[in-house]
Peer 1: 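If you scroll down you'll find the structure; I have some questions about it.
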Amino acid sequence: MLATDFIRTAVVEDITSGRFDRRVHTRFPPEPNGYLHIGHAKALAISAGIARDFGGKFNLRFDDTNPVKEEEEYVDGIIADVRWLEHDFGDEIFYASDYFEQTYQWAEQLIEQGQAYVDDLSPDEIREHRGTLTSPGTDSPYRNRSVEENLDLFRRMRAGEFPRAARVLRAKIDMASPNINLRDPIMYRILHQTHHRQGDAWCIYPMYDWAHGLGDSIEGITHSLCDLGYRDHRPLYNWFLEQLGIYHPRQIEFARLFMTYTVLSKRKLLQLVQGGCVRGWDDPRMPTIAGMRRRGYSADSINDFCARIGISTANSVVDVALLEHAVRHDLNRHSPRAMAVLDPIKIVIDNYPEGKVEWMEIDNHPQHPEMGTHRIPFCREIFIERSDFMENPPRKYYRLAPEREVRLKSAYLVTYKGVVKDRDDNVVEIHCTYDPESRGGQAPDGRRVRGTIQWVSAMHAVNAELRLYDRLFSRENPENVEENETFLDSLNPSSLEVLTSCKVEPSLAETKPGDRYQFMRTGYFCTDPDTTEGHLVFNRTIALRDTWAKIQKKQ
RNA sequence: UGGGGCGUGGCCAAGUGGCAAGGCAACGGACUUUGAAUCCGUGUAUCGCACGUUCGAAUCGUGCCGCCCCAGCCA
């Protein structure tokens, strides 16, 4: 396997040196206190991807050591997301909470080795004793209790003899360490909180730093990959494992993902949900896996994006346009084409027989004939996009206009004859004639017709609700706000536009939630779960690239 | 004024002493029954800055500048 990034380079080193018996075993350790987002997709792609590339194993392990913040709902959501992203985590799901007894026993071992002690200081006192970034901390007066007293106290902590926050178990390392994580970090705290899996079996819970490496060790993880935030914790990760004398994985850190026009912190995402700024964790505007899935992003496109952004240790902000590119790239290849008119205006084809219906055949994908074809009905009255007609067209406009001929995709060539207007001078109906010899859209005499537009038979059209999404935030960096503002002030007021009277081709009546299409000349759409019989709802996953819009801007 | 990281074209990112990959974006053009897709083309990058080592430095050394992270009984 090629070492394409610095982590894979390290893994290759370890394999060639035989460090872990040539094994590769990674893990993804989410805390079930929120839904996964695109940043997690990156972490997942790295850890699961490395296991896959090197023929190793990959574990999904919930870091559920803090019952105060964790919920079952999140566990289920996370499992569904990881599965949807198609990462193979085997048949088993791991939980840090399953190791609580072993973790506890190891804590007693550390106490017996004189490397951990029970501290009676209050939270405030502990903070004061910790010192500051520039000054060393001071030892707790309880730091030198005897092994016997520590053991007794710790067992009574477990037995529930003390109230919440009364005491903690701390590692005895170095209160003067320049690395604050080494200033006698807390290993256990008293919570008296029901755990989503352990129930009331425990009233003391291990801290992340203490529990994490142990879980890695128990599972035989070789490479424990995490974000840069844990760089300073590595000496502690190593210290615990060394003192215990147990199997010792290697921790390697990489930079978290940041993306333009996006916020990626569980706290802020929670705020959006609870504040009603979006309709839930799976709102299609959310950068969550659930949101992107509902919106219509494919797992492949998300994984492809993760591969494209690379891995490094430099904090960087990826342009959301790269994600959009990955989405379009994958959707273009796999989405069947269909016709939809978002803002309909009627065309009457004067020389087309009334009541006549012809079923036109249309490719499901212009570049992939193996995807087949389907049929759409054509008749005298059809709908086209209001923007595909202009009475006074600008230069280079080659859609329908006075004196112009245009092609109705896969149907006929039609020529403008006139319009019907209302009292306010709005065009309400366009009259055309068609060339009966142009069935399929080909001119019999070979004349060139530049414009091709989509259409839907008025008689057969199905009504649909289309939800058009734009970026959730209008500022490239939502956090870059004025003095008294928050990231919520960066919210884009028009991130959602609902169109309720769109006309789509009748074949779409059978669509099921999750189905993806390209509505020709418009964008990629995905059937929303809100769809019911008789009421179609589509989410616009992403619009097509629009060169015409650019030309217009320049004009 | 503590410790740990990071600085390569607009945005990512290769490169680890021999004369700066690639992707995205942007901009041209070709083709086109989606103004989509596809194809072709376009960048004088002071490699944060300054000294230094070397025949030769983005790569090594020193100093400086800038940005990020760490003082939860969160993970």
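Worth knowing before you read on, the calculation uses all heavy atoms, side chains too, and leaves out hydrogens, waters and symmetry mates.
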Peer 1: Which value, in whole Å, describes the distance between the P atoms of nucleotides B:U8 and B:G28?
Peer 2: 29 Å
Peer 1: Atom CZ of A:F258 and atom P of B:C6: how far apart are they, to the nearest Å?
Peer 2: 15 Å
Peer 1: Is the backbone of A:D200 close enough, under 3.5 Å, to the side chain of A:H192 for a donor and an acceptor to pair up by distance?
Peer 2: no
Peer 1: Calculate the interatomic distance between A:N477 atom CG and B:C68 atom P; express it in whole Å.
Peer 2: 11 Å
Peer 1: What I want to check is whether an N or O donor and acceptor connect the side chain of A:Q367 with the base of B:U38 at under 3.5 Å.
Peer 2: no
Peer 1: Evaluate the ring planes of A:F378 and A:Y434, with Trp represented by its six-membered ring, and classify them as parallel (under 30°), tilted (30 to 60°) or perpendicular (over 60°).
Peer 2: tilted
Peer 1: Report the relative orientation of the aromatic rings in A:F519 and A:Y517; use parallel for angles under 30°, tilted for 30 to 60°, perpendicular for over 60°.
Peer 2: parallel
Peer 1: For the residue pair A:E505 / A:H374, report whether a side-chain donor-acceptor contact shorter than 3.5 Å exists.
Peer 2: yes
Peer 1: Report which part of the nucleic acid A:Y398 touches: base, sugar-phosphate, or nothing (heavy-atom distance under 4.0 Å, all strands).
Peer 2: base
Peer 1: Return the orientation label for the A:Y95 and A:F62 ring planes: parallel under 30°, perpendicular over 60°, tilted otherwise.
Peer 2: parallel
Peer 1: Taking the minimum atom-to-atom distance to the side chain of A:T313, which one of B:C12, B:U33, B:C6 wins?
Peer 2: B:C6
Peer 1: When we call it a touch if two heavy atoms are under 4.0 Å apart, what does A:S410 touch: a base, just sugar-phosphate, or nothing?
Peer 2: base
Peer 1: For A:E505 and B:U34, what is the distance between atoms CD and C1' respectively, to the nearest whole Å?
Peer 2: 13 Å
Peer 1: Could you tell me the separation between the CD atom of A:Q518 and the P atom of B:U34, rounded to a whole number of Å?
Peer 2: 10 Å
Peer 1: Anything under 30° is parallel, anything over 60° is perpendicular, the rest tilted; go ahead and classify A:H195 against A:Y205.
Peer 2: parallel
Peer 1: Which class fits the ring pair A:Y35 and A:Y74: parallel under 30°, tilted 30 to 60°, perpendicular over 60°?
Peer 2: perpendicular
Peer 1: Give the B/S/- string for nucleotides 69-75 of chain B, one per nucleotide from 5' to 3', where a protein heavy atom under 4.0 Å of the base yields B, of only the sugar-phosphate yields S, and otherwise -.
Peer 2: BBBSBBB
Peer 1: Within this structure, what is the CD-to-P distance between A:E324 and B:A36, rounded to whole angstrom?
Peer 2: 17 Å
Peer 1: Between A:H368 (NE2) and B:A36 (P), how many Å, whole number?
Peer 2: 17 Å
Peer 1: Has the side chain of A:R234 got a donor or acceptor that lies under 3.5 Å from a partner of the other kind on the base of B:G4?
Peer 2: no
Peer 1: Classify the nucleic acid contact of A:T452 as base, sugar-phosphate or nothing, counting any heavy atom under 4.0 Å across all strands shown.
Peer 2: sugar-phosphate
Peer 1: For the residue pair A:Y230 and A:Y208, is the inter-centroid distance of their aromatic rings smaller than 6.0 Å?
Peer 2: yes
Peer 1: CZ of A:R399 versus P of B:U32: gap in Å, rounded?
Peer 2: 19 Å
Peer 1: Under 4.0 Å, counting only non-hydrogen atoms across every strand here, what does A:V68 touch: a base, just sugar-phosphate, or nothing?
Peer 2: nothing
Peer 1: Show every donor-acceptor pair shorter than 3.5 Å between a side-chain atom in residues 328-340 of chain A and any protein atom, with sequence neighbours excluded, or say none if there are none.
Peer 2:
from	atom 1	to	atom 2	distance (Å)
A:R328	NE	A:A543	O	2.8
A:R328	NH2	A:A543	O	3.1
A:D330	OD1	A:H334	ND1	3.1
A:D330	OD2	A:S298	OG	2.4
A:N332	OD1	A:R337	NH1	3.4
A:R333	NE	A:H368	NE2	3.3
A:H334	ND1	A:D330	O	3.1
A:S335	OG	A:L331	O	2.7
A:R337	NE	A:S335	O	3.1
A:R337	NH2	A:N332	O	2.5
A:R337	NH2	A:S335	O	3.2
A:R337	NH2	A:H365	NE2	3.0

Peer 1: As a test of your reading of the structure, name each stem of RNA chain B as range with range, where a stem is three or more consecutive Watson-Crick or G-U pairs at under 3.5 Å.
Peer 2: B:2-7 with B:65-70, B:10-12 with B:22-24, B:26-30 with B:38-42, B:48-52 with B:60-64
Peer 1: Just wondering, are more than 12 heavy atoms of other shown residues or ligands nearer than 6.0 Å to CG in A:N392?
Peer 2: no
Peer 1: When you measure only distances, ignoring hydrogens and angles, does the side chain of A:R448 come within 3.5 Å of the base of B:U32 through a donor and an acceptor?
Peer 2: no
Peer 1: Taking side-chain contact (heavy atoms from CB on, under 4.5 Å) as the definition, give me every residue that meets it alongside A:W359, ordered by chain and number, with sequence neighbours left out.
Peer 2: A:V357, A:R375, A:P377
Peer 1: Going 5' to 3' through nucleotides 21-29 of chain B, assign each nucleotide B (protein heavy atom under 4.0 Å from a base atom), S (under 4.0 Å only from sugar-phosphate atoms) or - (no protein heavy atom that close).
Peer 2: --SS-SSS-
Peer 1: Please identify each residue that fulfils side-chain hydrogen bond (donor to acceptor under 3.5 Å, both in side chains) with A:K266, with sequence neighbours left out.
Peer 2: A:N33
